[in-house]
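For the numbers below, each heavy atom of this structure counts, side chains included, while hydrogens, waters and symmetry mates do not. All chains are named by letter (A, B, ...) in the order of the sequence lines, taking the proteins before the strands, and each is independently numbered beginning at 1.
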Protein chains: 2
Amino acid sequence: MTIAAIQKLFREKRLKVTPQRCAIYNMMIHTQSHPTAEEIISHVKQALPMISLNTVYYTLNVFETAGLIMSINNTHTRYDTNLEPHHHLICVSCRKIEDVFDDALNQLHLSQKSDFEIRGYRVEFYGHCLNCQKPGTSIRRNKRLAITHL
Amino acid sequence: MTIAAIQKLFREKRLKVTPQRCAIYNMMIHTQSHPTAEEIISHVKQALPMISLNTVYYTLNVFETAGLIMSINNTHTRYDTNLEPHHHLICVSCRKIEDVFDDALNQLHLSQKSDFEIRGYRVEFYGHCLNCQKPGTSIRRNKRLAITHL
DNA sequence: GCAGTAAATAGTAATTATTACTAAATTGAG
DNA sequence: CTCAATTTAGTAATAATTACTATTTACTGC
């Protein structure tokens, strides 16, 4: 993907075209890793030494809102005493977590071989809990759990 | 589960029986939510006002290591430009993330109905990447990605 | 091309979850 | 009951992320 194509993409998404945004997006599509904000800034600083971490976070949020990227994270570690195999329903609005018991989900496997020595997996369903479905009841704006890719 | 049963459980796991541990575990098995450390301490403080957040984290770590609980979290938000439906392989040692493309995983659904309005889901496989499988190569001790339940 | 406006940037500071360190207290083994 | 090892709780440190804000920049309509 060329710089011109990136600019075109931004315009289509009604995002202002800035050198910082181009550099960040360009770096991200040319890496196979899933970079953190720190990793992004350390690469982008080679071209734009003055860029701030703040701008990186702001830009990533803009990209995610625009549906250009997704983020992989939950803050707040939550602890669960239930050790039966099960998975989770997570409310993207209030962060409430409910258990899901579903035999089919407990028997997933990869169809291809992988270099990883896999020890387990988790399935997390994202959505709105009963309470947060009522209009105006959204307890918490939560950028980080945005699920624009889903 | 009674307090006596909790004490018996701790002894079986060779954990010292302390009022703090009993209170924390007792609170956790009597809630359907997946509490955060903050939520745990605010409940437990009613019985043990002097308890410190430090002790809560230490105790949760002890419980997780003993296989009594599991934690749900990743720190460090990672960003991904690939918006094709896909899932992730996460190395619990060095935190490296790889993409998984597997049609079967893209068609999961819940067998029961739920109150949640589900918008999407993620599958995360945990294990050791090729590099971290070599003995002595474990880059980072990482308590938080412990996967004792898997 | 240019002026005006709204948004973006890059600082600095604040916040928040978690971890580190440590002296004093407590638990369990003998 | 004694003693050693662990646990506790306090203070401080860390680290990721967000808030605030003055200045700069990019796009819109002329």
Whole angstrom value for the distance that separates [atom2] of [N] from [atom1] of [X]:
X       : N      : atom1 : atom2 : result
B:Glu64 : C:dT18 : CD    : P     : 12 Å
B:Phe10 : D:dT6  : CZ    : P     : 18 Å
A:Ile40 : D:dA16 : CD1   : C1'   : 14 Å
B:Ile41 : C:dT16 : CD1   : P     : 16 Å
B:Ile24 : D:dT8  : CD1   : P     : 7 Å
A:Leu53 : C:dT12 : CG    : C1'   : 13 Å
A:Leu60 : C:dA10 : CG    : C1'   : 16 Å
B:Arg11 : C:dG28 : CZ    : C1'   : 9 Å

For the hydrophobic clusters of this structure (ILVMFWY residues joined by side-chain heavy atoms under 4.5 Å, transitively), does one cluster hold both B:Phe116 and A:Phe101? no
Parallel, tilted or perpendicular: which describes the rings of B:Phe63 and B:Phe10, with under 30° parallel and over 60° perpendicular? tilted
Can you name the atoms? Protein N/O to nucleotides 6-9 of chain C N/O, anything below 3.5 Å, with the distance.
{"from": "C:dA7", "atom 1": "O4'", "to": "A:Lys16", "atom 2": "NZ", "distance (Å)": "3.0"}
{"from": "C:dA8", "atom 1": "OP1", "to": "A:Arg21", "atom 2": "NH1", "distance (Å)": "3.3"}
{"from": "C:dA8", "atom 1": "OP1", "to": "A:Arg21", "atom 2": "NH2", "distance (Å)": "2.6"}
{"from": "C:dA8", "atom 1": "OP2", "to": "A:Tyr58", "atom 2": "OH", "distance (Å)": "2.3"}
{"from": "C:dA8", "atom 1": "O5'", "to": "A:Arg21", "atom 2": "NH2", "distance (Å)": "3.4"}
{"from": "C:dT9", "atom 1": "OP1", "to": "A:Thr18", "atom 2": "OG1", "distance (Å)": "2.6"}
{"from": "C:dT9", "atom 1": "O3'", "to": "A:Gln20", "atom 2": "NE2", "distance (Å)": "3.0"}

Heavy-atom pair with the smallest gap, counting every atom of B:Val100 and B:His86: O-CB, 3.3 Å
Identify the heavy atoms of A:Glu39 and A:Met27 that sit nearest to each other, and give their distance. O-CE, 4.0 Å
Do any side-chain nitrogens or oxygens of A:Tyr57 fall under 4.0 Å of OP1 or OP2 in D:dT17? yes
Taking only residues two or more places apart in sequence, or in another chain, which ones meet A:Tyr57 in a side-chain contact (heavy atoms from CB on, under 4.5 Å)? A:Ala37, A:Leu53, B:Tyr79
Donor-acceptor contact present, side-chain A:Asp102 to main-chain B:Ser111, <3.5 Å: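 Side chain of A:Asp102 to backbone of B:Ser111: a pair is present.
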